[in-house]
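In this chain, numbering begins with 1 at the start of the sequence shown.
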Amino acid sequence: MKSLYFKSFAVPLCLLLLSGCENPVKKLPLGVIGGTEPVYVEPFRAPFSGKADTGADIASIGATDIREFRKDGKRYVAFTIVQRGTDAVQNYELPLVRVIPITRHGQKPLKRYVVHLRIRLGTLEMTREFSLADRSNFKYQVLLGKNVIAGNAAVDVTRENTLEPRRD
């Protein structure tokens, strides 16, 4: 009898306490986003299809013709992005932020260049680090890492394209 009384009292009490808690997702600028979302990369007009990867530390974008060079004594990276679907081409020359090692099981590590790119995800415009990689064998040209997602959104991988596309 004592157990039944406790259970009948505890459940409504828990519900009452929880109802007073604020949902932390509501505090995130983008709320809940899908596993894939449109990502606008400056200066491209059409969005890239981006995949959220909460296991990746930084974002990545598919690039070709990647080369490092020096300009005014500083390290830069030149690269090209060809947007899938539109075939729009953009050549970049950006300051090198850093070089990160990509470890591969049983193979020599790769070095990957990291630059800052200006993007828009939903209503948020931001400049974030992106590693430059050959993503031609991957379904998504843009990978959104924790440096884009954390503090901005929660990810529900069962959803897709929850963010409103830009209307020009």
Side-chain angles (χ1 to χ4, degrees), residues 25 27-155 157 160-168:
V25 173
K27 290 184 177 183
L28 298 172
L30 296 174
V32 178
I33 65 170
T36 59
E37 291 292 345
V39 180
Y40 291 86
V41 179
E42 284 188 3
F44 291 93
R45 295 191 49 75
F48 288 75
S49 184
K51 180 179 188 290
D53 183 351
T54 58
D57 288 331
I58 68 166
S60 181
I61 190 163
T64 59
D65 305 321
I66 304 165
R67 65 177 177 83
E68 183 182 349
F69 67 99
R70 288 202 172 269
K71 180 176 170 181
D72 300 325
K74 296 182 180 163
R75 295 169 71 186
Y76 278 74
V77 181
F79 59 97
T80 301
I81 296 176
V82 179
Q83 188 176 37
R84 295 180 195 161
T86 68
D87 292 327
V89 177
Q90 181 64 43
N91 294 307
Y92 293 86
E93 286 187 358
L94 296 174
L96 175 65
V97 174
R98 61 189 168 124
V99 178
I100 57 174
I102 303 298
T103 55
R104 303 175 303 162
H105 183 69
Q107 297 179 341
K108 290 173 66 175
L110 292 174
K111 68 177 182 177
R112 201 166 288 162
Y113 297 105
V114 177
V115 297
H116 283 126
L117 289 177
R118 185 102 179 123
I119 66 166
R120 188 170 65 75
L121 186 62
T123 57
L124 277 182
E125 292 188 18
M126 61 187 92
T127 300
R128 292 291 186 269
E129 289 185 353
F130 276 79
S131 69
L132 305 175
D134 176 1
R135 295 193 56 81
S136 60
N137 293 328
F138 294 93
K139 184 175 180 180
Y140 298 97
Q141 199 169 357
V142 174
L143 190 75
L144 299 173
K146 288 184 268 191
N147 67 320
V148 173
I149 300 167
N152 291 320
V155 179
V157 296
E160 292 183 347
N161 302 317
T162 64
L163 300 173
E164 287 292 317
R166 178 167 57 195
R167 308 259 189 255
D168 286 334

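- A heavy-atom distance below 4.5 Å is found between the side chains of Val148 and Met126.
- In this structure the side chain of Leu132 reaches within 4.5 angstrom of the side chain of Ile66, judged on heavy atoms.
- A cation-pi arrangement is found for Arg67 relative to Phe69, the charged atom lying closer than 6.0 Å to the ring centre and inside a 45° cone about the ring normal.
- The backbone N or O of Arg84 lies less than 3.5 Å from a partner atom in the side chain of Gln141, making a donor-acceptor pair.
- When each of Leu143, Leu117, Leu144 is tested with Val39 by the rule side-chain contact (heavy atoms from CB on, under 4.5 Å), just one qualifies, namely Leu144.
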Verdict with supporting geometry, Val77 and Leu94, side chain to side chain contact (heavy atoms under 4.5 Å, CB included): CA-CA 5 Å; Val77 181; Leu94 296 174; 5.8 Å; no
Verdict with reasoning, Glu37 to Thr162, per side chain to side chain donor-acceptor pair (under 3.5 Å): CA-CA 7 Å; Glu37 291 292 345; Thr162 64; 2.6 Å; yes
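- Judged purely by atom type and a 3.5 angstrom limit, Arg135 uses its side chain to pair as donor or acceptor with the backbone of Tyr140.
- Looking at heavy atoms from C-beta onward, Val114 lies out of side-chain contact with Leu96 at the 4.5 angstrom threshold.
- Side-chain atoms of Arg128 and His116, non-hydrogen and from C-beta on, never get closer than 4.5 Å to each other.
- Taking the six-membered ring where the residue is Trp, the centroids of Phe44 and Phe48 are separated by under 6.0 Å.
- Annotation: side chain of Thr123 is in contact with side chain of Leu30 (closest heavy-atom distance under 4.5 Å).
- Ser60 and Arg112 make their closest contact through OG-NH1, 4.2 Å (heavy atoms, listed as atom of the first residue, atom of the second, distance).
- The main-chain N or O of Pro47 is never found under 3.5 Å from a side-chain atom of Arg120 such that the two would form a donor-acceptor pair.
- Between Val89 and Ile81 the shortest side-chain heavy-atom distance does not fall below 4.5 Å.
- Residue Asp57 holds its CG atom at 8.5 Å from CD1 of Ile100, rounded to the nearest 0.5 Å.
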Derivation of the side chain to side chain contact (heavy atoms under 4.5 Å, CB included) call for Glu68 and Tyr76: CA-CA 6 Å; Glu68 183 182 349; Tyr76 278 74; over 6 Å; no
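- Looking only at atom types and distance, the side chain of Gln90 has no donor-acceptor partner in the side chain of Thr80 under 3.5 Å away.
- Counting heavy atoms from C-beta on, the side chains of Arg98 and Ile58 come closer than 4.5 Å.
- Of the inter-residue distances, the one linking Tyr40 atom OH with Ile119 atom CD1 reads 12.5 Å to the nearest 0.5 angstrom.
- Using the six-membered ring where Trp is involved, Phe79 and Tyr92 have ring planes that are parallel, under 30° apart on the 30 and 60° scheme.
- A distance-only check finds no donor-acceptor pair linking the side chain of Asp134 to the backbone of Gly62 [under 3.5 Å].
- In this structure, CD1 in Ile149 is found 5.5 Å from CD1 in Ile33, a value given to the nearest 0.5 Å.
- Expressed to the nearest 0.5 Å, how far CG of Asp65 lies from CG of Asn91 amounts to 8.0 Å.
- A 4.5 Å side-chain heavy-atom check between Arg75 and Arg70 finds at least one atom pair inside the cut-off.
- When all heavy atoms are compared, the tightest approach of Thr86 to Ala46 is CG2-CB, 3.9 Å.
- Between Leu121 and Pro38, the shortest heavy-atom distance links the atoms CD1-O, 3.6 Å.
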